[in-house]
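In each ligand, atom 1 is the first atom listed, and ligand 1 is the first ligand listed. Nothing here was measured: the structure is a model prediction, and the numbers come from that model.
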Amino acid sequence: MKALVTGGAGFIGSHITERLLNDGHEVVVLDDFSTGHRHNLPEHDKLSVVEGDIRNMQTVEDCMQGVNWVFHKAAVASVPKTVNDPVGSSAANYQGTLHILEAARQNKVDRVVFASSAALYGDEPTLPKQEDMLPVTLSPYAVDKLASEYACGVYTKLYGLKTVALRYFNVYGPRQDPSSPYSGVISIFADRLSKQQMPTIFGDGEQTRDFVFVTDVVEANMQAVLRDEPVGQYMNIATGHQITLNELLQVFCELYQLECKPEYGEPRQGDIKESYANIERASKLLAWQPEVALHDGLKLLCESL
Ligand code: NAD
Ligand code: UD2
């Protein structure tokens with residue numbers, strides 16, 4: 001098969017690309033390198049890398065030629081960036097998705113998998129987060145992800161384009177960029193601890209998250225193109241388990257054999273207290289279960305640094 005991976009030079013996209021190449025597929029990566037890096041991708045005779053922008057319809061059309069599967073991961077993935085520039089980020093996060101869907105329709109692509117987000121649950125306190133809950137959009141990022149999910153649904157119902165939306169919770173693993181204060185907390189903790197520095201926990205550390213390892217996310221993407229059951233659906237991709245940040249840091253310190261003496265800072269404004277997902281829909285429609293336990297995933301991450 002021939003696959004287009006938008007955002008393929010980024011964290012999640014590069015892992016999807018690697019998996020596709022390992023499985024013998026041909027891959028086109030479309031990335032503007034705004035946060036992605038060429039060094040995230042291997043040299044491979046079945047991989048072509050296009051430096052371009054999903055905001056440009058012609059670029060998207062050019063990349064869509066002969067494609068069977070699209071893994072649409074390109075986005076301004078930082079919520080604060082979308083807060084600072086709602087119009088500019090929407091051009092990528094919503095209009096860019098429309099470009100992908102329209103070019104996929106015109107080119108009779110077999111499947112489009114869209115990277116959605118747990119951000120759609122906002123600060124709704126009910127746990128676990130379930131797909132039938134009403135979205136609570138607290139940022140331009142969430143609005144664009146929701147609008148993109150709706151657009152995927154419309155393209156399936158109206159034009160018969162087979163789309164699947166995957167709502168990722170907190171994804172972690174090698175190649176996640178720790179450089180911004182809003183980078184994934186695991187990437188920040190790993191970066192600090194690998195330099196023998198103690199990270200800062202914002203608040204009392206009793207907030208929880210559902211951390212899912214990137215190769216489990218890749219497997220969900222693969223099942224989303226291989227199976228018919230998920231077509232036209234959106235579903236949570238997570239583990240179904242939560243862990244507090246205090247516990248997370250404790251596991252990390254054991255891995256690095258460091259005495260755990262966290263520094264506590266002010267709680268982050270707008271922080272969500274608890275988050276974990278119900279993953280029944282994904283496990284049924286994708287015949288999928290996360291395989292990598294947190295301890296093992298953190299070990300793999302530490303070994304990669
Ligand atoms: P990332 O920033 O590492 O990857 C995004 C990639 O898209 C980068 O390579 C970037 O250069 C590229 N890109 C951005 N704008 C582009 C544009 N206009 N044209 C072409 N390429 C562009 O982020 P990630 O963590 O790998 O996220 C991948 C996707 O998953 C995003 O859509 C993100 O919103 C979504 N997501 C991620 C998480 C997470 O925990 N990492 C959680 C929920 C949803
Ligand atoms: C995730 C997404 C965000 C948005 C949000 C919606 C990531 C990286 N972020 O934010 O884009 O979709 O979900 O709910 O996927 N923390 C520390 N110390 C640090 C960094 C973070 O204590 O150095 C805390 C932070 O205050 C929070 C927790 O760690 O309580 C997780 O932070 P995060 O930014 O990794 O992810 P989250 O769930 O807040």
Novice: Looking just at side-chain N and O atoms, do T215 and H15 make a donor-acceptor pair shorter than 3.5 Å?
Specialist: no
Novice: I want to confirm something. Looking only at heavy atoms, which of L248, L245, V136, V79 is nearest to atom 3 (C) of ligand 2?
Specialist: V79
Novice: For a distance cut-off of 3.5 Å, show me each N or O of ligand 1 paired with any protein N or O, plus the separation.
Specialist:
unit_1: ligand 1; atom_1: 2 (O); unit_2: T35; atom_2: OG1; d: 2.7
unit_1: ligand 1; atom_1: 3 (O); unit_2: F11; atom_2: N; d: 2.9
unit_1: ligand 1; atom_1: 9 (O); unit_2: G10; atom_2: N; d: 3.0
unit_1: ligand 1; atom_1: 9 (O); unit_2: D31; atom_2: OD1; d: 3.2
unit_1: ligand 1; atom_1: 9 (O); unit_2: D31; atom_2: OD2; d: 2.6
unit_1: ligand 1; atom_1: 9 (O); unit_2: G36; atom_2: N; d: 3.3
unit_1: ligand 1; atom_1: 11 (O); unit_2: D31; atom_2: OD1; d: 2.6
unit_1: ligand 1; atom_1: 11 (O); unit_2: D32; atom_2: OD1; d: 3.3
unit_1: ligand 1; atom_1: 11 (O); unit_2: S34; atom_2: N; d: 3.1
unit_1: ligand 1; atom_1: 11 (O); unit_2: S34; atom_2: OG; d: 3.3
unit_1: ligand 1; atom_1: 11 (O); unit_2: T35; atom_2: N; d: 3.1
unit_1: ligand 1; atom_1: 11 (O); unit_2: G36; atom_2: N; d: 3.0
unit_1: ligand 1; atom_1: 13 (N); unit_2: D32; atom_2: OD1; d: 3.3
unit_1: ligand 1; atom_1: 18 (N); unit_2: D53; atom_2: OD1; d: 2.8
unit_1: ligand 1; atom_1: 19 (N); unit_2: I54; atom_2: N; d: 3.0
unit_1: ligand 1; atom_1: 21 (N); unit_2: D32; atom_2: N; d: 3.1
unit_1: ligand 1; atom_1: 21 (N); unit_2: D32; atom_2: OD1; d: 3.4
unit_1: ligand 1; atom_1: 26 (O); unit_2: F11; atom_2: N; d: 3.4
unit_1: ligand 1; atom_1: 26 (O); unit_2: I12; atom_2: N; d: 2.8
unit_1: ligand 1; atom_1: 32 (O); unit_2: K73; atom_2: O; d: 2.9
unit_1: ligand 1; atom_1: 32 (O); unit_2: K145; atom_2: NZ; d: 2.9
unit_1: ligand 1; atom_1: 34 (O); unit_2: Y141; atom_2: OH; d: 2.6
unit_1: ligand 1; atom_1: 34 (O); unit_2: K145; atom_2: NZ; d: 3.0
unit_1: ligand 1; atom_1: 40 (O); unit_2: V171; atom_2: N; d: 3.1

Novice: I'd like to check which ligand 2 atoms, numbered from 1 as shown, lie under 4.0 Å from a non-hydrogen atom of I272.
Specialist: 14 (O)
Novice: Under a 4.5 Å cut-off applied to non-hydrogen side-chain atoms, are V29 and V50 in contact?
Specialist: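 In short, these two side chains do not touch, never coming nearer than 4.5 Å.
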Novice: Assess the side chains of N22 and E18: does a donor N or O sit below 3.5 Å from an acceptor N or O?
Specialist: no
Novice: Can you tell me which portion of I186 lies within the under-4.0 Å heavy-atom range of ligand 2? Options are side chain, backbone, both, or neither.
Specialist: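 Under 4.0 Å from ligand 2, I186 contributes no heavy atoms.
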Novice: For a quick check under 3.5 Å, do S283 and E280 share a side-chain donor-acceptor pair by atom type?
Specialist: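 Result is no, nothing qualifies.
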Novice: Hey, what do you get for CD (Q242) to CD (Q207), rounding to the nearest 0.5 Å?
Specialist: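 Separation between the atoms: 11.5 Å.
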Novice: Any heavy atom of P199 closer to ligand 2 than 4.0 angstrom?
Specialist: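 So P199 does not count as touching ligand 2.
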Novice: Who's the nearest protein heavy-atom neighbour of atom 9 (N) of ligand 2, and how far?
Specialist: Y182 O, 4.8 Å
Novice: So Y159 and Y155, would you call those rings parallel, tilted or perpendicular, with 30° and 60° as cut-offs?
Specialist: tilted
Novice: Heavy-atom distances under 4.0 Å decide this one: backbone, side chain, both or neither, for I188 against ligand 2?
Specialist: side chain
Novice: Can an N or O of Y141 be found at a distance shorter than 3.5 Å from an N or O of ligand 2?
Specialist: no
Novice: Hey, can you tell me if Y172 and F211 have their rings parallel, tilted or perpendicular (30° and 60° cut-offs)?
Specialist: perpendicular
Novice: Assess whether a salt bridge exists between K299 and E254, defined as any Lys/Arg side-chain N lying under 4.0 Å from an Asp/Glu carboxylate O.
Specialist: no
Novice: Is Q176 in polar range of ligand 2, meaning some N or O pair under 3.5 Å apart?
Specialist: no
Novice: Show me the side-chain donor-acceptor pairs of residues 261-276 shorter than 3.5 Å, one per line, residues at least two apart or across chains.
Specialist:
unit_1: Y264; atom_1: OH; unit_2: N246; atom_2: OD1; d: 2.7
unit_1: R268; atom_1: NH2; unit_2: P181; atom_2: O; d: 2.9
unit_1: D271; atom_1: OD1; unit_2: R209; atom_2: NH2; d: 3.2

Novice: Answer side chain, backbone, both or neither: which part of A119 comes under 4.0 Å from ligand 2, heavy atoms only.
Specialist: both
